[in-house]
Structures are given as C-alpha cells and as structure tokens.
Amino acid sequence: MSDTVTAPIPSAAGRRRPLILAILAGVALALVLLGPLFLDRFSMNVLTRSMIYAILAITVDLLWGFTGILTFGQAAFFGIGAYASAMLLTHIGSSPALLGLALVLAIVVPVLLGVAVGWLSFYYGSTPIYATVISLVFPIVVTQLVYSGGTLTGSSSGLVGYFGLPFGLEGFFRLSGICLVAVAVAALVFVRSDAGRLLTAIRDNETRCAYLGLNTQRIKIALTATLAGVAGLAGFLYANASGVVAPENTGFVFGTELVVWTALGGRGTVLGPVLGTIGIDYLSANLSGELPFLWQLIVGALFVVMIIFLPNGLAALVTRFTRRGRSEVVAGGGPTLVPEKPLHHMKTASGPLLSIERLEKSYGSQKVLEDITLDVAPGELVSLVGPNGAGKTTMMRCLTDGKERSGGTVRIAGQDIAGMIPNQIVALGVGRKFQVASVFESMTVADCLRMSRAALEAPSFVTASDALGLPPAAIEILRLTGLDKLLATEVSLLSHGQKQSLELAMVVSLEPRLILLDEPTAGLTKTERTTIGAILKKLTSELGFAAILVEHDLDFVCDISSRIVVLHQGRLVLDGSVQEVVNSDIVKTIYSGGEHV
Amino acid sequence: MTLLLDIVTTAAILFIVSAGLLAIFGVLKIVNFAHGAWLTVGAYCAVVAGGLGLNPWLALPLAFAAGAVLGGVTERLIVRPLYARPLDAILATWGLGIVIGQLVTLWFGRDVQFTESLLPGTIHVLGTTYSLYRIFALGAAVVIGLGFAFLLEGTRLGLSARAIIMNEALARALGLDTARIRLVTFMIGTGLTALAGVLLTPLTSVDPTMGVAWLIGSFMLVMVAGSSFGALAVACLLFGGAQVLVSTFISPILGGITVAVLCALVLRISSKGFARV
C-alpha cells in the first residue's frame, strides 16, 4: 500500500536487483562464450578447470558462508561425481545414452550420499564441530576406497583414456562457463529469496529457528544433499573436460583448498568465492612453474592473515563501500505489513491446553523440580514467581523440550510431549520467548518476522516478497513499540527493549495457543513495560491465548495476571488468584528471605 | 603374539602423536590443525641433528625447544585472536600448516630425507623377535602419559589448567593469569608434538608432507577423548587395535581409515565420546 511513499529507496533497490543480476549474468555469459576467441590453449585449459572449481566454491560458500557449516566434504562429492562418470565411460562405454546415464549418476549418487552424510552430521544436539569432523572423514574414506578399488577405480593412477562428451577445448570452456553462470545466478537468486534467508537464520541462531518451529536438521540435510548434487555435476564436467580423474580429486586436501579459496574471495557473497577461486587457481597455474613453493607459501600466509583480520574476505572490502546503509538505522522502508487472518492451523482440543502432572527434573541426586502439577486453560495468564533458583526457567525448558524432564508427564492440547524436540512442540502450538532476547542479529527486523512464518507458509525459493503477512496481534505489537518503522533495520542495531519486543512479535507471529515468556520485561523502561503488559493482557483475555510468564516484578505480575503460581526450591507452594497469593504468608516469608515453611 | 605387540605399540605411537594435540584442545578448546606441521618440524630437527653430526638422541630436546618456541609465537600471533571463533582457528592453523610445509620444502627440498635410527635391531620378547624401537615407543608413550598425569595432578600449572578446563570465566575471576597459562599450554603441546616428530623418524619416511597423514587420525582420537589423557589412552588402544586388525586381516588401505571412521561413529552415538571415562 504505502510502500512507495514510506520507502522509496530500499524497495527501489529491491526492484533494481533482478535487473542488475540479469545484466551481470549477460556480461558473464558473453565473456565465457567469446573467451575462446582471445585466449591461448593453456589459459583456456586452466580457466575451464578454474570455472569448474568455482562451482564447488559456490557450494562451499552456501554451506559455510551462509549457513555456518564449515565443510571439507564438497571435494568428496565432486570426486564421486567425477568417478561415477569416468568409471561408467571406461568400463561400459560412451554412447550418447551412456553419457546421459553418466550425468544422471554423477548427480544422483552424490545426492544419496549427501543425505547419508547429512543424516550423520545433523541431529538434534549435534555440534558444528562434529559436522566439520564428518566432512573431514568422508573425503578420506572416499579416497581410500578409490585407492583400494583396483582396476575398477584405477587405484592410485586414476582413470584416463575414456571418451567423454565430444566437445573439444573451446566447447568445454563454454560449457563450464555456462554451468558456472547458471549455478551462480541460481545461488544468488536463492540466497536473496525468502527461503534463502533461512540459511542465515540458522547460522545466526539455530536455537531460535527450532523454537520458530523449523526443523533445522532437515533443512541442513536437504541443503547438503542438494549441494552434493551440484558438486557431482561439477565432477561430471571435470571428468569430461580433463579426460582424467585421480584420487586427489576426492581428497580432503582438495576440500581444504576449496575452503581457502572461498575464504579469500569472501564467504557469504557467492561472487567473492567465484572470483577468488578463478583468480587463485589461474595464478597458481601460471606461477607454480616458476615459484611453486613460494606461491603456495604466499597463498597460505594470506589465508592466515585473512582469517584473523578480515574473516569475510576480500569481498568485505568491496561491500564496505557499497552497503554502508546496512549499518545504519533505517527509518521506514522494508516490506509492507499485511494483516493476515488467523490460520487456525492447530485443531482445537477439549480440556486444558497445558497439563503438567508430577513433573520432575533432577541433575544426579540434585532435584531441581519436584512434583509439579498444574493445568492451564485458554485465556489464562499465569505468572510463575519465586526467588532465584526456584526452578522457573528449568520448568520452561521442560515444557518446550520433551527430552529435558526426568519424570512426570507434560501434555499440550492433550498430547504427551515425551521425547519430542522443540520444533515439534512448537508445532503443537507453543511459542517461547527467552530470557535474553533470542533473535537473528545480522538480519533485518522484517526478515526476522518472516522467519517466524516460515514454518507455517513455505517461503518462496525465488522471490523476496514485498509484503509481509503477519497476524494482526503481531502487527499491533510492532505498531505499539515503533518497530513497524524499523522493518529494514538490522537487528544488531536495535536497543535491548526493541529486541525484546521484536522477539515477542516473532513468537506471536507463530500463532501459538500457549506463549511462554521468560522475564519479558527485564531491563525495560517503565513505558516499555506497560506496553508489553497491555499487549499480554489483550492476547490472553481478548484473543484467547494462554500465557505463562516468569517474572520478578511483583507489581507488574499483579497488574496483568489472572493467576499466580509460586515456586520455591523446586516445588509448587502456591497456586491461586492474585489476591490469594499477595495476601499469603508463605509468599511473604519466601520473599523476605525466611525459611520455607 | 606379534599381533598383540603390534596392537600395543601401534596404540603407543598413536598416543605419542596425539598427546600434544590433546593438551592444546583439552585446555584451550582449540583444534590445532597445524599439528601435522609440528610433527614435520620435529622430524626435520632430527634431520638437522644428523646433518650436524650430533648424537641422534640430542634431536629430542632440540625438537622440543624448537616446537615450543614456534608454538609460543603462533599462540601469540595467530591463535589468541581466534579463541572466540573456534572454526576459524581450525582454518588459520591449517593455513599455518601450509606455510610451514612450504618453508620446510624451500629449505630442505621435497625429497625424502633419511635419519640415523635411534635404536636399531630387534629384541626377543614374549617368545618372538620384535623391533626394539617399537618396544621403546611403548615405553615413551607410558612416560609421556605419566608425565602429563603428573603435570596435571601434581603441579600448580596443572591445577590452573584444570581450573580453566572446568570454568574459564571463574578461573580468570579468581586471578589466574589465563592468557599466560594458555601460552604455556600451547607451547608444551607444540613442543611435545615436535618431540613426537623425532620419535616418528625411524618409523616413517621424512618429507615435507609427512605430518598430514597423521593429522586426521590424531584429530579424531582427540575429538573422542575430549580433554582426558586416560580417555585418549583407551581410545588409542581400542581404535589402534582395530586398525591393526583391519590392516592385517582385511586390507592395509582400509586399515588406514579405521580410526577415523570408528571415531566418527562413536561421536555420532555419544557426542562426548570417551570423555566420561
């Protein structure tokens, strides 16, 4: 609606982007098509290889630069694609049909292995370093299998002398170039699309993603498998263009080289790694004749310096000039907020929304929670109070992670959450706001909000939409806190209170039935506090959400709660209306520091 | 019988090679991917000692000193800025490994070097004739293991290091100079790795890329062992044993990946590995 009025600059840039990309792609295509007219044989040979490697660098960049998964494994998928092609062409033959089959195998086999590697690397609770470990082991295993493959794989001498695509030097140069441009364009379109923002969200804050109902493991496995297929395609090209495959093509040393090129070019930019790879590989080929060791020494030293002082690579120097606006608070701009009708995506259940029975949590012999029994109905705003260490946050954890508790049952809308992981519980209709605002620091306010809708409506892989559909309640939070004017601002520039409000808006955008809030007003000003209190009251009493609030500020609690539950030393000592709790002696004793009676 | 000796001595060699990496990872939570380069540096210390006509045993202290000094410089310049970015630390140390490898190549050439054997000959043990040096390696592993146990349990440095392992912020708040302890730990780790490089010279060929072959195995063992030398010893025995068995009965090539694959599987099942042992 008023998007052109309030925000001429960013949205115009948004619309100019496809045009720039198209021009860029056109120029690149012209270069690779006309290149053979100007280049000598040596350069053409080298650049064909460099461009194939650049395709791999893009896959490394998507995994590492955008998603934060440091991988050395792309070399192995590349090698598998190359070997699948070469083995088929060597041992069976090279008719056009078999060439087609080779192409299919070169993609399908890496994809299947990518699923396996992804399954091994990403599970609930796996660490980033573990994924890196697997990505190291995988190429080593593949290389050793190649070595032990005898005549099938050519062992240490590799495979040579098979007949691939009948293209000649110029043909392969052009083919590789076209593939590179196609992959680069696809990658650029994808990372700027709504779905592509998911990768950055996972890198920034995977926990938050899970608590937005996103199955991050599955996303990462899908990404790994897809990019394995792309690497396999590059392998197919390589096997055809070079006419030889060798064990080094699958190895982890090659995998580290890909990471070095990506890092030097600039991770997280797609174009940086492409230019870095082509530049370094081309220079290597030219210089390694004269100064073989010195050249590698320089690349290695440059890499170390870069990682320490310029972790975003050479591209960071460029974007520092072009993207200055990103590091400033942008007033106005961003997508248009569109109120959406509630999806009512969860079926209503009879009985209490949340039902806790004899909940228990212990660390060894130390019991943190014991014998907690509690029901919460829709429309209730239950405040959980108690001194530090009473077990309030632990209880919140037990409600959102089915593997957390040690005993008892927790049912949400009638369903036992035993063994469920956070994103499954979120799908039951639970939204959790953390004590310290958990948002995506390097993304804009609008992108953060978009992420909270990603689990409900599959985002587009191609376009970045100009509209942002949110439930009216979430839009109201944004309006009341002024965040609606900051949609295009990067989150890291927001104040503490703004981040808290943003997280609340994100949680409400999930359209949960039950909201868990861990000290939502800690560190906020009086005005901000009142605003949030009013919002919470409206969410529960008018819109029928249920909310559980952990809070220290008793005045605030008394103002907004419909019920108060008092925890002390891991036990539920009181559960009643505001009046009952305020006048109870137990609460006075606990809060004045006396012994538990 | 030979098989049993193979298993035990292989485990011992793995332990010697991994100990320095573990010391660094355990305390600093940083994976030193230049580990292979330090093994190489140590091995070339043996080459240099041989070239100067020194007693081959003198290469051991020489390598320890060279490794520690290089390690000190590395910690100060490369590792210290990266404590908050562990994945980047892996990359930066890998880059350093490339640099060291190329420097060694520039200096000594890329050909295989030969060193005087520390302990030639064989010995009769348990009814078979066996390489004297491998038996010595077993002893060296025990000495290194006990040395670390003493260092960790019996000295002030060890106490501080354990405090940092458990709770770095608290250790600093209690007035421990964590920066200095990290520096010293890193130096000990790299010194020990260079020493291990000397000990490897009679077993493998010495060339500028020799370290890389050992890097992955020891890296995986350390991942499984966490920060415990006891766990590392157990892991070396189990996985080294598996490696010997696979190499002997199935294929030496597959034996080469046994350690890495088994460690990866153990980590998939229990992300803490053997650290609780």
Measure the [atom1]-[atom2] distance between [X] and [Y] for me, rounded to the nearest 0.5 Å.
{"X": "Leu70(A)", "Y": "Ile90(B)", "atom1": "CG", "atom2": "CD1", "result": "6.0 Å"}
{"X": "Tyr130(A)", "Y": "Met223(B)", "atom1": "OH", "atom2": "CE", "result": "12.0 Å"}
{"X": "Ser148(A)", "Y": "Ile250(B)", "atom1": "OG", "atom2": "CD1", "result": "11.0 Å"}
{"X": "Asp88(B)", "Y": "Met306(A)", "atom1": "CG", "atom2": "CE", "result": "12.5 Å"}

- Message: Please identify, among Cys263(B), Ala260(B), Pro252(B), the residue contributing the most non-hydrogen atom pairs under 4.5 Å to chain A.
- Response: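 Option with the greatest count: Ala260(B).
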- Message: Looking at chain A, which one of Leu91(B), Ile216(B), Ile100(B) has the largest number of heavy-atom pairs inside 4.5 Å, strictly under?
- Response: Leu91(B)
- Structural part of Leu87(B) lying under 4.5 Å from a heavy atom of chain A: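 It is both, since atoms from each part get that close.
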- Quick one: what part of Leu82(B) sits under 4.5 Å from any heavy atom of chain A, side chain, backbone, both or neither?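 Side chain only.
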Measure [X] against the heavy atoms of chain B and call it side chain, backbone, both or neither at under 4.5 Å.
{"X": "Ile134(A)", "value": "side chain"}
{"X": "Leu136(A)", "value": "side chain"}
{"X": "Tyr147(A)", "value": "both"}
{"X": "Trp295(A)", "value": "neither"}
{"X": "Phe122(A)", "value": "neither"}
{"X": "Val137(A)", "value": "side chain"}
{"X": "Ile298(A)", "value": "neither"}
{"X": "Thr132(A)", "value": "side chain"}

Which pair of non-hydrogen atoms, one from [X] and one from [Y], has the smallest distance, and what is that distance?
{"X": "Met220(B)", "Y": "Val133(A)", "result": "CE-CG1, 3.2 Å"}
{"X": "Leu96(B)", "Y": "Val304(A)", "result": "N-CG2, 3.4 Å"}
{"X": "Leu103(B)", "Y": "Leu297(A)", "result": "CG-CD1, 3.7 Å"}
{"X": "Ile98(B)", "Y": "Gly300(A)", "result": "CG2-CA, 4.3 Å"}

- According to the interplanar angle, ranging from 0 to 90°, do the rings of Phe33(B) and Phe252(A) count as parallel (below 30°), tilted (30 to 60°) or perpendicular (above 60°)?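 The arrangement is perpendicular - the two ring planes meet at more than 60°.
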- Message: Can a donor-acceptor pair be found, under 3.5 Å and without considering hydrogens, that links the side chain of Arg85(B) to the backbone of Ile307(A)?
- Response: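 Confirmed, Arg85(B) side chain pairs with Ile307(A) backbone.
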- Mind running side-chain contact (heavy atoms from CB on, under 4.5 Å) on Leu145(A) and Leu254(B) for me, showing each step along the way? CA-CA 7 Å; Leu145(A) 289 178; Leu254(B) 293 183; 4.0 Å; yes
- Using heavy atoms and a sub-4.5 Å threshold, report which of residues 19-31 of chain B line up against chain A, by residue number. Val31(B)
